[in-house]
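The structure appears right after this line, and notes come after that.
Here is how names work: the chains are called A, B, and so on, in the same order as the sequence lines, proteins then strands, and each is numbered from 1.
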Amino acid sequence: EAGVAQSPRYKIIEKRQSVAFWCNPISGHATLYWYQQILGQGPKLLIQFQNNGVVDDSQLPKDRFSAERLKGVDSTLKIQPAKLEDSAVYLCASRPRGRSFYEQYFGPGTRLTVT
Amino acid sequence: GQQLNQSPQSMFIQEGEDVSMNCTSSSIFNTWLWYKQDPGEGPVLLIALYKAGELTSNGRLTAQFGITRKDSFLNISASIPSDVGIYFCAGTLYGNKLVFGAGTILRVKS
């Protein structure tokens with residue numbers, strides 16, 4: 001079974017530029033999560049989707065971050081405009097239907113550097 | 001908000017030694033989890049704990065859910081080089097959102 005795929009793996013941009021990350025969850029997984037992991041910290045949930053609907057986006061900085069999951073499969077996370085403090089690894093995770101909340105499968109992440 | 005404190009922040013041990021790390025919370029949790037993250041990869045779930053006082057093993061790993069529900073411990077016996085990585089604790093109270101600690105970096109001297 002293929003794991004969670006993310007691209008790009010690395011991205012370097014200047015502050016005030018825009019960037020987008022893509023996630024393809026494990027086939028059949030209804031729930032998809034985006035986490036932000038700042039260097040030296042644990043992952044922090046940004047947004048949770050159930051199929052193509054948002055379940056929790058309470059920690060998403062909505063003035064600059066947006067995410068969508070059209071058709072309930074792939075998802076895109078966008079930052080516009082980026083700030084220096086957005087430098088982090090952005091992890092995507094997915095969870096099978098009917099499994100416990102914490103049984104999430106993480107992708108390898110996209111490392112973003114904002115200069 | 002909820003905060004998790006992990007200690008130690010990092011450790012450098014000799015291959016074959018046992019390792020202990022712990023995690024404390026400012027509030028109670030109903031579920032404690034331990035993850036390992038290898039460089040360039042996402043976290044992988046190692047052990048899940050559901051009940052205060054519970055002791056659960058996964059191979060050379062043993063984790064305990066503290067009686068107060070505000071702490072958890074992870075032990076690794078007879079460490080090997082592939083144990084290197086970052087170990088995260090995480091907790092959830094209502095099963096709707098994970099709160100992660102900052103991680104313990106484990107380095108093993110071969």
Counting N and O atoms only, with roles assigned by atom type, does the side chain of B/Arg60 sit under 3.5 Å from a partner on the main chain of B/Ala78, one being a donor and the other an acceptor?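 It does hold such a pair.
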In terms of heavy-atom pairs under 4.5 Å with chain B, which of [options] leads?
{"options": "A/Gln6, A/Gln37, A/Arg9", "answer": "A/Gln37"}
{"options": "A/Ile38, A/Asp56, A/Val55, A/Leu45", "answer": "A/Asp56"}
{"options": "A/Cys92, A/Gly109, A/Pro43", "answer": "A/Pro43"}

Measure distances from B/Tyr87 to the heavy atoms of chain A and classify the residue's part below 4.5 Å as side chain, backbone, both or neither.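 Interface part for B/Tyr87: neither.
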Can you say whether B/Gln37 sits under 4.5 Å from chain A via the side chain, the backbone, both, or neither, judging by heavy atoms?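 Contact with chain A involves the side chain of B/Gln37 alone.
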Can [X] and [Y] be counted as having a side-chain donor-acceptor contact under 3.5 angstrom?
{"X": "A/Tyr33", "Y": "A/Arg95", "answer": "yes"}
{"X": "A/Tyr35", "Y": "A/Gln48", "answer": "no"}
{"X": "A/Ser87", "Y": "A/Thr113", "answer": "no"}
{"X": "B/Thr92", "Y": "B/Asn30", "answer": "no"}

Residue among B/Leu98, B/Leu45, B/Ile105 with most heavy-atom pairs under 4.5 Å to chain A: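 Top count of heavy-atom pairs under 4.5 Å with chain A: B/Leu98.
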Chain A contacts, top residue of B/Ala90, B/Gly42, B/Pro43 (heavy-atom pairs, under 4.5 Å):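 Of the candidates given, the most pairs with chain A belong to B/Pro43.
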Inter-residue atom distance B/Leu61.CG - B/Asn75.CG, 0.5 Å rounding: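 Spacing of CG (B/Leu61) from CG (B/Asn75) equals 9.0 Å.
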Proximity breakdown for A/Ser58 and chain B, heavy-atom pairs closer than 4.5 Å: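 The answer is the side chain of A/Ser58.
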